[in-house]
Amino acid sequence: VEKLIDALQRALFRKSRRHAVITGPPGVGKTALARELARQAASRQIEFLRRKRFIWVDASDVAPEASLSKTQALFGHFAGQEDVVICVERLDLLLSNTAGSPTLSVWRSMLKRAPWQLIGMLGEREFEDRMAGERELMEQITQVRVFEPEKRVAREILEDAVPGLSEAFGVRFDAQA
């Protein structure tokens with residue numbers, strides 16, 4: 001987990017390719033990784049991110065025909081805000097490129113000049129389908145791949161998440177579960 005957090009930190013620290021996409025199969029912890037980075041930033045463990053606000057956007061319900069308008073609304077809302085890291089779950093749905101849609105060109109343009117930073121989360125296949133072949137887009141992004149963890153690592157991830165989940169949902173977790 002720390003290697004992945006380090007890779008995200010390096011991506012966000014750069015002057016170029018300063019946006020990140022976390023890719024991997026469903027359920028491997030892409031969102032948990034982004035949330036852990038935000039937690040560490042909020043607790044001042046990552047100096048250069050300590051003043052950043054992490055904003056969460058879930059694009060799971062965005063229809064392909066709405067991707068352009070939703071993308072423009074997102075960019076408009078955060079225009080000029082340097083202190084923001086926008087974390088987008090299902091980024092691929094905002095990259096939908098229906099016939100004649102300029103969505104990808106809007107993304108290319110905005111990522112080049114955006115004062116804010118992006119952490120996008122999407123599946124490996126969606127990344128390959130929507131982003132990997134877009135040279136200009138990829139010049140702005142660092143890909144962080146998350147693989148299926150070994151059993152030991154999965155347990156560590158769960159143990160790290162338990163306190164937050166317990167607090168957020170008011171439930172207990174049995175160590176034997």
Notebook entry, point to check: Counting only N and O atoms by type, is there a donor-acceptor contact under 3.5 Å from the side chain of Ser43 to the main-chain atoms of Gln40?
Noted result: yes
Check: Cut-off 3.5 Å, side chains only: do Ser60 and Glu89 have a donor facing an acceptor?
Finding: no
- Query: Has the side chain of Thr103 got a donor or acceptor atom that lies under 3.5 Å from a matching backbone atom of Leu95?
  - Reply: no
Notebook entry, point to check: Between the main-chain N or O of Pro25 and the side-chain N or O of Lys30, is there a donor-acceptor pair closer than 3.5 Å?
Noted result: yes
Those residues at least two apart in sequence (or on a different chain) that pass side chain to side chain donor-acceptor pair (under 3.5 Å) with Asp6 are Arg10
Across all chains, not counting sequence neighbours, the side chain to side chain contact (heavy atoms under 4.5 Å, CB included) partners of Lys52 are Leu49, Phe54, Val85, Gln117
Hey, are Arg172 and Ser166 close enough side-chain-wise for a donor-acceptor pair under 3.5 Å? no
Donor-acceptor pairs under 3.5 angstrom involving side-chain atoms of residues 156-165: please list them, not counting sequence neighbours.
unit_1	atom_1	unit_2	atom_2	d
Glu156	OE2	Arg152	NH1	2.9
Glu159	OE2	Arg155	NE	3.4

**Message:** If hydrophobic clusters are built by linking Ile, Leu, Val, Met, Phe, Trp and Tyr wherever their side-chain heavy atoms come under 4.5 Å apart, do Leu37 and Phe147 end up in the same one?
**Reply:** no
Residue pair Ile55 / Phe78, side-chain heavy-atom distance below 4.5 Å:
yes
For Asp92 and Arg130 the tightest heavy-atom approach is O-NH1, 2.9 Å
Q. Heavy atoms, side chains only, cut-off 4.5 Å: are Phe13 and Arg18 in contact?
A. no
Shortest non-hydrogen pair, Ala41 vs Ile46, comes out as N-CD1, 4.1 Å
Hey, is CZ on Phe48 packed in by over 12 heavy atoms from elsewhere, all under 6.0 Å? yes
Inset, instruction - Report yes if the side chains of Leu4 and Val146 come closer than 4.5 Å at any heavy-atom pair, otherwise no. - result: yes
Could you tell me whether the side chain of Met121 reaches within less than 4.5 Å of the side chain of Arg90, counting heavy atoms only?
no
Tightest non-hydrogen contact, residues Ala20 and Ala11, listed as CB-CB, 4.0 Å
_Is there a side-chain contact (heavy atoms from CB on, under 4.5 Å) between Val21 and Val144? Walk through the geometry before answering._
CA-CA 6 Å; Val21 292; Val144 176; over 6 Å; no
Contact between Ile22 and Leu122 at the side-chain level, heavy atoms closer than 4.5 Å - yes or no?
no
Is Arg125 paired with Glu128 through a side-chain N to carboxylate O contact shorter than 4.0 Å? no
- Task: Is it possible for you to check whether Arg53 lies under 6.0 Å from the centre of the six-membered ring of Trp116, through NZ or CZ, and within 45° of that ring's axis?
- Result: no
Of Glu124, Glu126, Arg145, the one forming a side-chain hydrogen bond (donor to acceptor under 3.5 Å, both in side chains) with Thr23 is Glu124
Hits for salt bridge (charged side-chain N to carboxylate O under 4.0 Å, His left out) against Glu136, two or more places apart or cross-chain, chain-then-number order -> Lys112
| query | Does Arg44 use its side chain to pair, donor to acceptor, with the backbone of Arg50 at less than 3.5 Å? | reply | no
| message | Run Leu91 and Leu118 through side-chain contact (heavy atoms from CB on, under 4.5 Å) and show every step you take. | response | CA-CA 10 Å; Leu91 175 64; Leu118 172 78; 4.3 Å; yes
**Salt bridge Arg17-Glu139, side-chain N to carboxylate O under 4.0 Å** = no
**Asked** Is Leu68 close to Val106 at the side-chain level, that is, under 4.5 Å between some pair of heavy atoms?
**Response** yes
Open item on the list: Between Trp107 (side chain only) and Leu94 (backbone N and O only), is there a donor and an acceptor less than 3.5 Å apart?
Closed with: yes
With sequence neighbours left out, the residues meeting salt bridge (charged side-chain N to carboxylate O under 4.0 Å, His left out) with Asp58 are none
Applying salt bridge (charged side-chain N to carboxylate O under 4.0 Å, His left out) to Glu82 and not counting sequence neighbours gives none
| field | Side chain His19, main chain Leu111, donor-acceptor under 3.5 Å | value | yes
So CD1 of Ile119 and OG1 of Thr31: to nearest 0.5 Å the spacing works out to 11.0 Å
